[in-house]
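Written below as structure tokens is the structure these notes are about.
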Number of protein chains: 2
Amino acid sequence: MKEKQNTLFVGSLAKGLKLLRAFDETTTEMSLTDLARRTGLDKSATQRLANTLHVEGMLDKDPETKRFRPSHAWLELAYAYFWSDPLVRQAMPQLIDLSQRLGSTVNLTELSGDHIIYVSRLPNGISQFSATLVGRRLPALNASAGRVMISTWPAEERDRVVESWPIHQFTPKTTIDRNVIREGIEEAAQKGYATTQNQMILNQTGVAAPIIGPDGRAYAAVQCSVSSHHWGQDRIQEELVPYILDAALAIAPQSRGVY
Amino acid sequence: MKEKQNTLFVGSLAKGLKLLRAFDETTTEMSLTDLARRTGLDKSATQRLANTLHVEGMLDKDPETKRFRPSHAWLELAYAYFWSDPLVRQAMPQLIDLSQRLGSTVNLTELSGDHIIYVSRLPNGISQFSATLVGRRLPALNASAGRVMISTWPAEERDRVVESWPIHQFTPKTTIDRNVIREGIEEAAQKGYATTQNQMILNQTGVAAPIIGPDGRAYAAVQCSVSSHHWGQDRIQEELVPYILDAALAIAPQSRGVY
DNA sequence: GACAAGATATCATAATATGATATTCTTTAT
DNA sequence: ATAAAGAATATCATATTATGATATCTTGTC
């Protein structure tokens, strides 16, 4: 293997992880050959690795079709993650409170490279399926939560990421003009919160407030999604923003640097 | 390694997984030596495996303390799981609806060996932190959801698991008498739903309805947790049970079974 | 400033993963 | 019903890769 022929690097383990990560939104179960094709791994290697993952309980195997699927162990890992992330414990009571008060969908997001990732979600009302799932990643520049986090950074750093970080066009109305995004971030920097419209889903408005660490930089955000039909600027301003800001503030206390 | 000296078993991968699974509720971050101690693996092996997991993005490493922690990738795996489990997609709208209607905490659970596992959770009101987290596992016999699932099985099978499956005493009032549990299951079999009290948390009542597959056996359950103070038998009977049963029924249609 | 504990790096060795091949099973087509 | 194709499973000789003992470097403590 030419991968990383470092003596501190175990190739077989890396390959095994590759199998796990081969599953996604659309690829939800795979035969042995599917797996081999998708990962580009040798057929025999795939066989051995998949079998190992199965024996170890990381992959379920349909006795009929012999196809592999993610196992419950994947959820158990998430469970362990939640305990390891102090923010989650800190935020959960506030999020529940906020969710009940607003009656709208409330999310907790963190920055994950140039993406945001949903760490906790409290759906209210009808939602897109994907909008109810923890672990989803979105380009930070696309999302209100991402923009408001970036807005807490020094100006030059903001500019750099606005230029270089990825954007994905989810709807016909998704902002792809980086200048417009920059303006949105500037505005967020002044107001202390960010709003977006039609970015992920048409007629959906997102409002996000930053959770700011001791160094003044946001490392997370509280975000709320509402229907643009029912929520005009004014109503958002009065009935949403104050509470979201409150919640974000309440979550962000003296917690130590969470990187 | 004496583990499983099968030629279809890749030991290094299994060891790597062991590192991942070493993290839990109480063990949320570990140094290299912690990891080695906890997994029983050789110091050098731990070094290599942990390094590999870090390079592959499965473990974060604090640059200061050099300690390892679960990474966001753990949540991404959960995200992939959710897509792979048809029940989740099927259930989510019903659960949200139920959550709003009842204003109480609503859970979706599946059977995982002799445990139940929370696959989706919609917390409402103040909750124990652990009661808000997906991926948590509980002995099936302890939980209303587990009992109601078992109640859909043939009598002899029920008896077998009531005798053999594990029980954990969470509170001083947790039922540890298997005969009492058996009665609870019998009752659930007749009524079509199960209720429990003080099993996981004192003064907490659980109500669960089975999601029944084409073969007549439950493979999942809708569960609801309420405060015993505010919810007496009558109120539960009238305001909770019918809706939970409805939801469970709505989730369980012709779903899988291609025939 | 010395010590201890832990993290990181190195290296010779053999044990383990490798992948080609063979066999069995399943499905589809004729 | 039979053949053919595709996939899963099993086997095995080989050397590549993981191993773990040891050494060095780093950090924190008394």
- Message: Quick check on ring-ring contact (aromatic ring centres under 6.0 Å, His included): which of B/Trp83, B/Phe82, B/Tyr79 does A/Phe129 satisfy it with?
- Response: B/Trp83
- Within the pair B/Lys66 and D/dT26, is there a side-chain N or O less than 4.0 Å away from OP1 or OP2? no
- Message: Please determine whether a side-chain nitrogen or oxygen atom of B/Ser31 lies at a distance below 4.0 Å from atom OP1 or OP2 of C/dA7.
- Response: yes
- Task: Output yes when at least one side-chain N/O atom of A/Lys61 is less than 4.0 Å from OP1 or OP2 of D/dT9, else no.
- Result: yes
- Query: Of the nucleotides D/dA10, C/dA20, D/dA21, which one has an atom closest to the side chain of A/Asp42?
  - Reply: C/dA20
- Message: Ring-plane angle category for B/Tyr81 and A/His72, please: parallel below 30°, perpendicular beyond 60°, tilted otherwise.
- Response: tilted
- Message: In this structure, how many angstroms lie between the P atom of C/dT18 and the CG atom of A/Leu41, rounded?
- Response: 9 Å
- Query: Just wondering, do A/Ser31 and A/Thr65 contact through their side chains at under 4.5 Å, heavy atoms?
  - Reply: no
- Query: So among B/Arg21, B/Lys15, B/Lys18, which one has a salt bridge (charged side-chain N to carboxylate O under 4.0 Å, His left out) with A/Glu56?
  - Reply: B/Arg21
- May I ask you to test the A/Pro166-A/Asp114 pair for a side-chain heavy-atom distance under 4.5 Å? yes
- Query: Please give, in whole Å, the distance from D/dA8 P to A/Asp34 CG?
  - Reply: 7 Å
- Taking OP1 and OP2 of D/dT19, is either one under 4.0 Å from a side-chain nitrogen or oxygen of B/Lys15? yes
- Item | Distance in angstrom units between A/Leu8 CG and C/dT10 C1', rounded | 9 Å
- Would you mind reading off the distance between A/His54 atom NE2 and D/dA8 atom P, rounded to a whole angstrom? 14 Å
- Item | For atom CZ of B/Arg37 and atom C1' of C/dA7, their distance in whole Å | 14 Å
- Hey, is CD on A/Glu163 packed in by over 12 heavy atoms from elsewhere, all under 6.0 Å? yes
- Query: Could you give the CG-to-C1' distance, from A/Leu32 to C/dG19, as a whole number of Å?
  - Reply: 14 Å
- Note on the structure: Comparing A/Arg67 with A/Leu13, nearest DNA chain D nucleotide closer to 5' gives the residue A/Arg67
- Query: Under a 4.0 Å heavy-atom cut-off, which of residues 43-53 of chain A touch DNA chain D?
  - Reply: A/Lys43, A/Gln47
- State, yes or no, whether a side-chain contact exists between B/Tyr118 and B/Ser130 at a heavy-atom distance under 4.5 Å. no
- DNA chain D nearest-nucleotide lookup for A/Met30 and B/Glu64: closer to the 5′ end is A/Met30
- At under 4.0 Å, does any side-chain N or O of A/Ser12 touch on OP1 or OP2 of C/dT16? no
